[in-house]
Amino acid sequence: MSIKIHDAADVAAMRTACRLASEVLDYLTPFMKPGVTTGEIDRLSAKYMEKQGTRSATIGYQLPGYPPYPGYLCTSVNHVVCHGIPSNDKVMKKGDIVNVDVTVITKEGWHGDTSRMFEIGPCSTAAKRLCALTYDAMWLGIDQVKPGAHLGDIGHAIQTYAEGHGLSVVREFCGHGVGKVFHDEPQVLHYGKPGTGVELKTGMIFTIEPMLNAGRREVSELPDGWTIVTKDHSLSAQWEHSLVVTETGYEVLTLSAGSPATPDFVRGVKKSEAATQSA
Ligand code: MF3
Ligand code: CO
Ligand code: CO
């Protein structure tokens with residue numbers, strides 16, 4: 001039971017795997033629109049992974065006592081928290097918010113794991129706010145990462161921000177170590193207390209993937225054995241990056257040309273400067 005420390009060659013291989021995962025999301029982006037089914041998104045991703053020379057880590061993925069997961073990726077719509085199964089019967093419609101979660105495996109066996117939210121057509125202010133706040137919460141968590149920091153610092157940053165904005169943090173699912181193993185140690189909780197938990201060391205690679213609900217935090221599992229929904233049917237959002245702890249902080253690995261901009265607070269841009277920059 002120990003957390004892997006990756007060397008420079010491992011990190012280089014993970015950079016590739018993670019960029020490729022992010023490029024699957026880039027490729028899918030123009031198809032995330034009203035009238036398209038999540039089944040079609042699944043098929044498109046399968047073809048694109050084949051073209052990349054990667055394969056899906058999720059198809060056939062199995063936990064003890066559960067059926068094998070049937071999708072090349074996960075598509076979680078509105079009150080679906082995570083692990084939504086793509087379906088030809090699920091047509092995306094105006095106003096939906098959809099998480100697409102992609103994990104690819106390279107020929108060399110490295111996993112890249114990342115997810116984004118997509119707003120289908122014009123969405124309600126509440127839905128847009130949830131997606132935006134969840135994105136910032138993920139980045140606030142990421143921005144805690146440096147050697148000597150603790151996993152609890154990440155969870156605390158996310159939880160404080162989420163709850164401060166009236167959102168709740170799902171407890172049943174967490175970030176995870178990732179590399180040659182899909183779901184490795186450590187567990188990266190999205191709630192917690194500063195200075196607690198595992199101390200971060202250069203070369204650790206893990207995901208941060210908060211699931212935030214507009215309503216209560218409780219979730220239930222559907223009879224398909226995979227789909228997780230909010231118990232109160234409130235909207236849920238999630239974003240995910242894979243990253244490595246570096247000597248000076250972190251490097252986010254799941255970035256590509258189509259990644260949404262890194263928030264100004266991470267780039268150290270002050271509000272006044274941000275206003276000038278975007279003008
Ligand atoms: N990609 C998800 C994660 O972030 C896991 C999906 S497992 C599946 O860890 F089987 F549901 F696809
Ligand atoms: Co993950
Ligand atoms: Co994922």
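Sequential numbering from 1 along the given sequence is applied to the chain's residues. Indexing begins at 1, ligand by ligand and atom by atom, following the structure's order. Because the structure is predicted, anything quoted here is derived from the model rather than measured.
- The shortest N or O to N or O distance between H176 and ligand 1 is below 3.5 Å.
- For Y61, no nitrogen or oxygen atom sits less than 3.5 Å from a nitrogen or oxygen atom of ligand 1, counting backbone and side chain alike.
- Here's the thing with W226: none of its N/O atoms is less than 3.5 angstrom from an N/O atom of ligand 1.
- For atom 2 (C) of ligand 1, the nearest protein heavy atom (residue, atom name, distance) is D101 OD2, 3.3 Å.
- At a heavy-atom distance under 4.0 Å, only side-chain atoms of D113, from C-beta outward, approach ligand 1.
- The minimum heavy-atom distance between G112 and A21, with the atom names listed, is O-CB, 3.4 Å.
- Taking the six-membered ring for Trp and the full ring otherwise, Y61 and H183 have centroids separated by under 6.0 Å.
- D153 has no carboxylate O lying under 4.0 Å from a charged side-chain N of K146, or vice versa, which leaves the two without a salt bridge.
- Each of the following atoms of ligand 1 lies closer than 4.0 Å to a heavy atom of C74: 6 (C), 11 (F), 12 (F).
- Contact record, E119 with C131: OE2-CB, 3.9 Å, taken as the closest heavy-atom pair.
- R171 forms a cation-pi arrangement with Y191, by the criterion of a distance under 6.0 Å to the ring centre and an angle within 45° of the ring axis.
- The shortest N or O to N or O distance between H83 and ligand 1 is not under 3.5 Å.
- Residue-ligand proximity, T58 to ligand 1, at heavy-atom distances under 4.0 Å covers atoms 12 (F).
- Between E108 and K180 there is no salt bridge, since no side-chain nitrogen of the basic residue lies less than 4.0 Å from a carboxylate oxygen of the acidic one.
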Run the side-chain contact (heavy atoms from CB on, under 4.5 Å) test on F118 and R116 for me, step by step, so that the C-alpha distance in whole Å, both residues' side-chain angles and the decisive distance to 0.1 Å come before the verdict.
CA-CA 7 Å; F118 294 90; R116 295 182 200 158; 4.0 Å; yes
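- With a 4.0 Å heavy-atom cut-off, ligand 1 is reached by no atom of S115.
- No donor-acceptor pair closer than 3.5 Å links the side chain of W139 to the backbone N or O of D264.
- Between E218 and N213, the shortest heavy-atom contact is O-ND2, 4.5 Å.
- Each of the following atoms of ligand 1 lies closer than 4.0 Å to a heavy atom of H183: 3 (C), 5 (C), 9 (O).
- Each of the following atoms of ligand 1 lies closer than 4.0 Å to a heavy atom of E240: 4 (O).
- A 4.5 Å side-chain heavy-atom check between D113 and D101 finds at least one atom pair inside the cut-off.
- Near-neighbour remark for the Co ion (ligand 2): protein N, O or S atoms under 2.8 Å are D113 OD2, H176 NE2, E209 OE2, E240 OE2; waters not counted.
- Considering backbone and side-chain atoms alike, Y69 places every N or O at 3.5 Å or more from each N or O of ligand 1.
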Please report the C-alpha distance between F173 and H190 in whole Å, then the side-chain angles of each, then the deciding distance to 0.1 Å, and finally whether the ring-ring contact (aromatic ring centres under 6.0 Å, His included) criterion is met.
CA-CA 9 Å; F173 300 91; H190 303 114; over 10 Å; no
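- At least one heavy atom of F182 sits under 4.0 Å from some atom of ligand 1.
- Using a cut-off of 4.0 Å between Lys/Arg side-chain N and Asp/Glu carboxylate O, E50 and K47 are scored as not salt-bridged.
- Atom-to-atom distance recorded for T254:OG1 and E209:CD is 10.5 Å, nearest 0.5 angstrom.
- Near E209, the atoms of ligand 1 lying under 4.0 angstrom from a non-hydrogen atom of the residue are 3 (C), 4 (O), 9 (O).
- Atoms of ligand 1 lying under 4.0 Å from any heavy atom of T103, numbered from 1 in the order shown and given with element: 1 (N).
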